[in-house]
Amino acid sequence: MQFDRKDYPDEQLLHLYRMLLFPRLIEEKMLILLRQGRISKWFSGIGQEAISVGAALALEPDEWIMPLHRNLGVFTTRGMPLRKLFLQWQGSQDGYSQGRERSFHFGSREHHICGMISHLGPQLAVADGAALAHTLRGQDKVALAFCGDGGTSEGDFHEALNVAAVWDLPVIFLIENNGYGLSTPVQEQYRCRSLADKGPGYGMEAVTIDGNNILTVYNTIRGIREYCLHNRKPYLVECLTFRIRGHEEASGTKYVPQDLMEAWRARDPLANFEQYLLQAGLLDEETAARERQSVKQQIDEELSVSEKAIAPDTSVELQAVYAPVQRLQPLGENGNAPGGGPLTTGAPVRRFIDGIKEGLRQSMQEIPELVLMGQDIAEYGGVFKITEGLLQEFGRNRVRNTPLCESAIIGAALGLGLEGIPSVVEMQFADFVSAGFNQIVNNLAKIHYRWGQPAPVVIRLPTGAGIGAGPFHSQSNEAWFFHTPGLKIVYPANPADAKGLLIAAILDPNPVLYFEHKALYRSVSGPVPESWSPAELGKARWIRRGEEISVIAYGAAVHWAESYADQHPGQSIGILDLRTLLPLDYESLQEAVRLTGKVLVLHEDSLTGGIGAELSAWIQENCFSLLDAPVMRCASLDTPIPFNQALEKNYLAQSRLDDAVSRLLAY
Ligand SMILES: Cc1ncc(C[n+]2csc(CCOP(=O)(O)OP(=O)(O)O)c2C)c(N)n1
């Protein structure tokens with residue numbers, strides 16, 4: 001192996017050597033602990049350490065790295081205290097994730113390391129977001145994301161590289177091509193000659209290098225970093241290496257041909273660099289042994305401290321899910337209805353869509369770093385024209401047209417959040433959020449619980465049927481997310497809430513899904529306070545109180561209930577607008593039961609597994625003695641949403657409301 005030391009002083013080379021020793025010797029120790037059952041699972045990076053160490057050293061300490069499961073060398077090179085790492089792997093309260101995450105699935109803001117989720121590819125777009133944050137702030141910093149050869153086959157790889165290229169982001173995408181994805185050899189993973197060949201396809205420079213040569217990795221990544229900053233562009237680097245041990249310790253390496261293994265063993269990054277240092281006279285056998293001994297001693301000492309691991313505190317589990325809300329501003333003087341209070345009267349009357357527009361525009365004015373992202377939202381103003389004019393007022397940096405890639409944009413929003421920049425992502429239609437589902441339910445939703453990182457991201461979802469738009473432009477998909485801890489879900493039904501709840505969502509450090517019903521945009525009007533004031537999340541509001549039955553609804557269904565009640569003045573019908581689905585206002589639910597003893601849950605989404613199922617279950621469990629009838633649900637049919645107007649009308653819950661109310665009244 002040839003080493004090019006450039007003009008590095010001897011101490012620097014010895015530092016590289018020492019940095020290589022840490023992951024290797026820690027891992028050797030951990031393999032013993034694994035056999036003793038003291039840690040549960042181990043993904044080996046033996047043979048690949050030069051990549052983690054070389055890349056981490058080539059970056060500045062405050063540049064974000066998105067490592068994966070074989071990058072122990074990133075964690076050690078960034079100087080994370082070993083005892084805390086050991087505590088992490090033992091699942092201790094004092095580890096980085098307080099016992100909530102395993103192996104390498106954790107991050108640390110202090111060390112600018114973003115914790116991975118198991119799905120691998122989603123890390124790449126998060127790097128886009130971090131690089132975007134630096135770009136917007138005019139900082140000379142790159143972000144670096146790791147990816148395996150297997151991970152390059154994921155759609156997230158394509159989306160993230162494309163976004164970085166289109167947005168000219170200084171991201172280093174580093175592929176560790178170690179020959180196998182679990183047991184799948186590269187011949188079954190891709191057909192290009194080399195993975196670096198993919199770079200030019202995205203309009204990106206790319207190179208393939210020897211990933212087992214620490215100086216090659218270090219020199220190359222340093223050079224690439226300079227390139228990215230100078231040219232404001234991303235770069236793809238493929239590091240050739242090999243996985244010497246099994247995918248994880250239980251799975252072995254039987255499927256690897258012996259000669260291939262031997263050839264790569266001879267290319268061991270640590271042994272080869274050590275040999276080079278010995279030959280260059282920078283190291284002798286004795287010093288090498290002393291170095292190893294000193295690292296081993298440090299590992300043993302830190303390990304003995306970590307043996308006093310503390311069991312996690314189970315009492316704070318539910319509080320750990322959400323980041324605490326600190327930024328809510330006081331309510332405006334002109335009385336924007338807080339929580340479940342009555343709607344403001346006297347404020348100017350606006351349409352539902354204007355409530356959203358105002359909430360967005362004023363938030364952009366009040367929060368100088370707030371970024372909007374979405375397809376066609378800039379010049380075109382979005383397909384519903386909600387962002388019209390915002391480009392002119394706030395500029396292209398903050399009002400960003402995106403390529404057609406929901407997953408990467410939601411991932412990028414999380415990356416902005418790493419740097420404390422809040423963002424609002426517009427789904428063109430709520431239906432398309434399925435293409436970004438993984439980032440929402442696994443990355444955004446879980447990140448605070450997993451390692452304490454807030455995700456200040458609002459996703460706007462134009463939702464709902466009633467406009468003859470067929471199965472893929474009409475769905476109510478709030479229930480897909482309702483089941484996921486860590487998300488908040490708001491669903492306004494009137495213009496004041498459209499504004500106030502949107503502002504609250506933007507000020508919230510947690511991921512908030514903001515459902516906006518398309519059919520309400522231009523059909524519903526009402527007073528909207530002029531001030532920039534958040535409504536309170538998690539508070540329902542009584543539209544009217546009744547004595548015979550209580551209808552619990554949200555979104556367009558609130559208007560169905562109102563119009564039904566208007567048409568039946570002889571019936572005393574209370575209507576509770578939930579406004580926020582997560583968190584739910586349980587007090588108001590209980591009040592709904594107490595007032596009438598008869599509850600109908602009305603929603604536009606299909607019946608089975610909808611929000612009504614949960615509300616009904618909760619009421620029956622907690623308010624049984626207050627009930628005079630079973631909780632009933634009126635929901636849409638359990639079919640996809642049909643296009644034909646008569647079919648759509650038949651699909652929607654509204655067509656069965658009369659029957660549901662009559663049955664409940666008669667009970
Ligand atoms: C989306 C997804 N599918 C499947 C898996 C299971 N899995 C975990 S690691 C892995 C192989 C990854 O291969 P590669 O990207 O080459 O990384 P390596 O493990 O070789 O470092 C697979 C299939 C996963 N984690 N995520």
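Just so it is clear, the model here is predicted, and its values are computed rather than measured. Each ligand, and each atom within it, is numbered from 1 in the order the structure gives.
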> Sequence neighbours excluded, which residues qualify as side-chain hydrogen bond (donor to acceptor under 3.5 Å, both in side chains) partners of Thr241?
Replying inline: Asn212
> So, do Phe106 and Trp89 have ring centers that fall under 6.0 Å from each other?
Replying inline: no
>> Could you check whether Arg245 pairs with Glu249 (Lys NZ or Arg NE/NH1/NH2 to Asp/Glu carboxylate O, under 4.0 Å)?
In response: yes
> What distance separates His483 NE2 from Glu614 CD, expressed to the nearest 0.5 Å?
Replying inline: 9.5 Å
> When the aromatic ring centroids of Phe273 and Phe3 are compared, is their separation below 6.0 Å?
Replying inline: yes
> Is any NZ, NE, NH1 or NH2 atom of the basic residue among Arg18 and Glu291 found under 4.0 Å from an Asp or Glu carboxylate oxygen of the other?
Replying inline: yes
> Listing by chain and number, which residues have a heavy atom under 4.0 Å from ligand 1?
Replying inline: His69, Arg70, Ser118, His119, Leu120, Gly148, Asp149, Gly150, Gly151, Glu154, Asn178, Tyr180, Gly181, Leu182, His247
